[in-house]
Undergrad: 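This is the structure I have questions about; it appears just below.
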Amino acid sequence: MSCMTDTAVLKVEATASLTHNVQPLLHEIRHALVKLLDDGSYTAIDLRSLPLAPVEEEQLLDKLGQGEVYARLHALGPTEIVETRFPGVWVVVHFNNDNEVIGRFIEICDTPALLRSQQDDIRQGLEQLQSQLA
Amino acid sequence: MSETEFLLWVRGPAFQVATIIFLLGVVVRILEILVLGRKPDLAEARGSAVAGGLRAIISRSFAERATLQRTAFTEVTGWIFHIGIFVILLLFAPHILLFEEVFGVSWPALPTTVIDATTIVTIIALLAVLIHRIANPVMRFLSRFQDYLVWLVTILPLVTGYMAFHRIGLTPTMLIAVHILSVELLMVTFPFTKLMHAFTLFMSRYYDGAIAGYKGVNS
Amino acid sequence: MSKDETLGEALRRQGVTRRGFLKFCAATASMMALPPSMVPAIAAALEKARRPSVIWLSFQECTGCIESLTRSHSPTVEGLIFDAISLDYQHALQAAAGSAAEAARETAMEENYGKYILIVDGSIPLANPGYSTIAGISNLAMLEETAKGAAAVVSMGSCAAFGGIPKAKPNPTGAVSVGDIIKDKPIINVPGCPPIPVVITGVLAHFLIFGTIPELDALGRPMAYYGQSIHDRCYRRPFYDKGKFANTFDDEGAKKGWCLYKLGCKGPTTYNACATTKWNDGTSFPIEAGHPCLGCSEPDFWDGGGFYKAISTPTEDIPKAAIYAVGAGAAAGLALGALNRAKRDKAVAEHVKTTIDDLEKGD
């Protein structure tokens, strides 16, 4: 039980921003959005590559909020793709089959590549459909 | 000897030996001066020797106007690097930790960014002091090997400390080891060089001030 | 999966879709600390990669390194990397035992001579070869024999990389690291006690993708994971900079999650990826759990002067030495002072006044 309270204390104290990386990250996203509008260039930010305090990641995701699109795909375990309050800013979280997070990215683009049907898969699907119809 | 072993030696036996040499040397040199004593002044006192002595300790820290105008550079750089050294030595968190370990007392630290800036200013001041010593013909004429040695052992802990904080050049283990070693070098040279002024300056000022005070002269 | 099959082919055969493959590449890039912009290049390389043969030798070790790897073995991404290699010998994991196991090693060496990757965990005893043997072969002999045909050697864990705990004082077995013995092969050190599983698979992934060994630091560790100190990447670093420290494990500072430097944290001298990669599938790492870093990925971490002693503090009893020094100094100072006084008194006593006659004597 005491463990639980200690954790609670830690969480409360950590609410104050620690590494100060949240604000710069939001600015990086802003720059990426400008670039996306200008020339359609794609940006991805790997959240694992930055030091963020335990609560800072939550803070960041809170600030980005939830938009209109929520997609969940099943390819080598689930992946959640959520468009944030800011259209063009997507949060992509990959899980493995045990539902453990294996990657967390912020993608700035019109559609994350993973959402689109892939050429190879389309071809394979077509073959399957043809053999079903034959 | 691996890097870890080197750091352990520096933190352990080397630091112990340096502390012993430093304290032993300082105590010997101070006592040597004090035990020699002075002839009793048989004249009637016209003022307080103690008050005069204490006053001189403070007043001699500040140059009088004429001197200040003539040697403004030495005064300013001197003050800067002395204050800098004390701020860095006494208000950097890992240093306070060392004092706490040895003396059992602790006090609040300054943010590392402030210490960092102070270090740069102090190093610049010390470099300026050296350039002045070499460039000024009188200073150069008066300088002996020991003056340059004392300068070197003073700036080394600052430079190595800065390098250790920013991890420049060597592995962090080596940087910390070299930094501590440079301080040990300073401690070992201290009692046998002009660095003793850190203690003797108070004694000599008191001496001068006390003579004047006893005579009722305001020095 | 046959040995000539590429990774891309093997994945498709296992029913991995293109989407799944892209996800796998994104996760691999993240794991290897490569920028997400590298994903297409990684995808292209992995598509064509052929599975290398891997021989894994375990010497004086605790099996913690293999535990670290296999326990983290998630059925998808890292598993795929592991599937992508042909682990031909690992005596703790393989089904074969005794001479059959040794035969497997010899076959793998013969078939892939000059191309296989040799992974070693554990240190090698030199004091007496009998301290650690496998199938009657001493660790030293087996290492030298197996390293001969290896393309590269991966020293897995601090024991293989630096000697680790077996080499800790007084080192009864005369343990040494792989690098102390093998001098003519590229060696990748993956220290840690144990190493982070992602780092293990990341090194393998690098080999698969680029076919080369990754960029290494002065201690032979991959820069991608050991390029920055724990201290520099620590989320508690701002507290260090502000001078806010935990003084004990249960004081105000500890509860507020302040810096653990005073409690002996070796973060400033330790290079590893714990602070960003974390443990238990990204859950936490020792400092986040409130414990100082032990510095387990650095050489001689066991003999570093105490886990709970700050790295900059003295290891000897300084106050005691100081008291003795002051005492001895006082005695010596008083003695020298007395000597000086005597000298002065003698000089005063022997002082002879010079008269005008003395001056004229010389003429």
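Reminder, nothing fancy here: chain letters follow the sequence lines and each chain counts from 1.
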Undergrad: Using a cut-off of under 4.5 Å for heavy-atom pairs, which of A:R104, A:Q119, A:Q118 has the most such pairs with chain C?
TA: A:Q118

Undergrad: Top residue by heavy-atom pair count (under 4.5 Å) with chain A, among C:G20, C:P35, C:A26, C:P36?
TA: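 If we count pairs closer than 4.5 Å to chain A, C:P36 comes out on top.
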
Undergrad: What distance separates C:R19 CZ from A:L76 CG, expressed to the nearest 0.5 Å?
TA: 12.5 Å

Undergrad: Tell me, side chain or backbone of A:L47 under 4.5 Å from chain C's heavy atoms, or both, or neither?
TA: neither

Undergrad: Could you give the distance from NZ (C:K23) to NE2 (A:H74), rounded to the nearest 0.5 Å?
TA: 9.0 Å

Undergrad: If we define contacts as heavy-atom pairs under 4.5 Å, which of C:T283, C:L22, C:D232 has the most with chain A?
TA: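 The residue among C:T283, C:L22, C:D232 with the greatest pair count is C:L22.
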
Undergrad: Taking salt bridge (charged side-chain N to carboxylate O under 4.0 Å, His left out) as the definition, give me every residue that meets it alongside A:R72, ordered by chain and number, with sequence neighbours left out.
TA: A:E80

Undergrad: Let me know if C:S37 has heavy atoms under 4.5 Å from chain A in its side chain, its backbone, both or neither.
TA: neither

Undergrad: By side-chain hydrogen bond (donor to acceptor under 3.5 Å, both in side chains), which residues pair with A:D62, not counting sequence neighbours?
TA: none

Undergrad: If you look only at distance, which donor and acceptor atoms sit under 3.5 Å apart when one is on a side chain in residues 127-134 of chain A and the other is two or more places apart or in another chain?
TA:
residue : atom : partner : partner atom : Å
A:S131  : OG   : A:E127  : O            : 3.4
A:S131  : OG   : A:Q128  : O            : 2.8

Undergrad: Are the side chain of A:D121 and the backbone of C:T17 linked by a donor-acceptor contact shorter than 3.5 Å?
TA: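 Here the side-chain-to-backbone pair does not exist.
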
Undergrad: Contact part of A:D46 toward chain C, heavy-atom cut-off under 4.5 Å: side chain, backbone, both or neither?
TA: both

Undergrad: Below 4.5 Å from any heavy atom of chain A, which atoms of C:R237 appear? Answer side chain, backbone, both or neither.
TA: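 Neither part.
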
Undergrad: If contact means a heavy atom pair closer than 4.5 Å, which residues of residues 28-44 of chain A contact chain C?
TA: A:A44

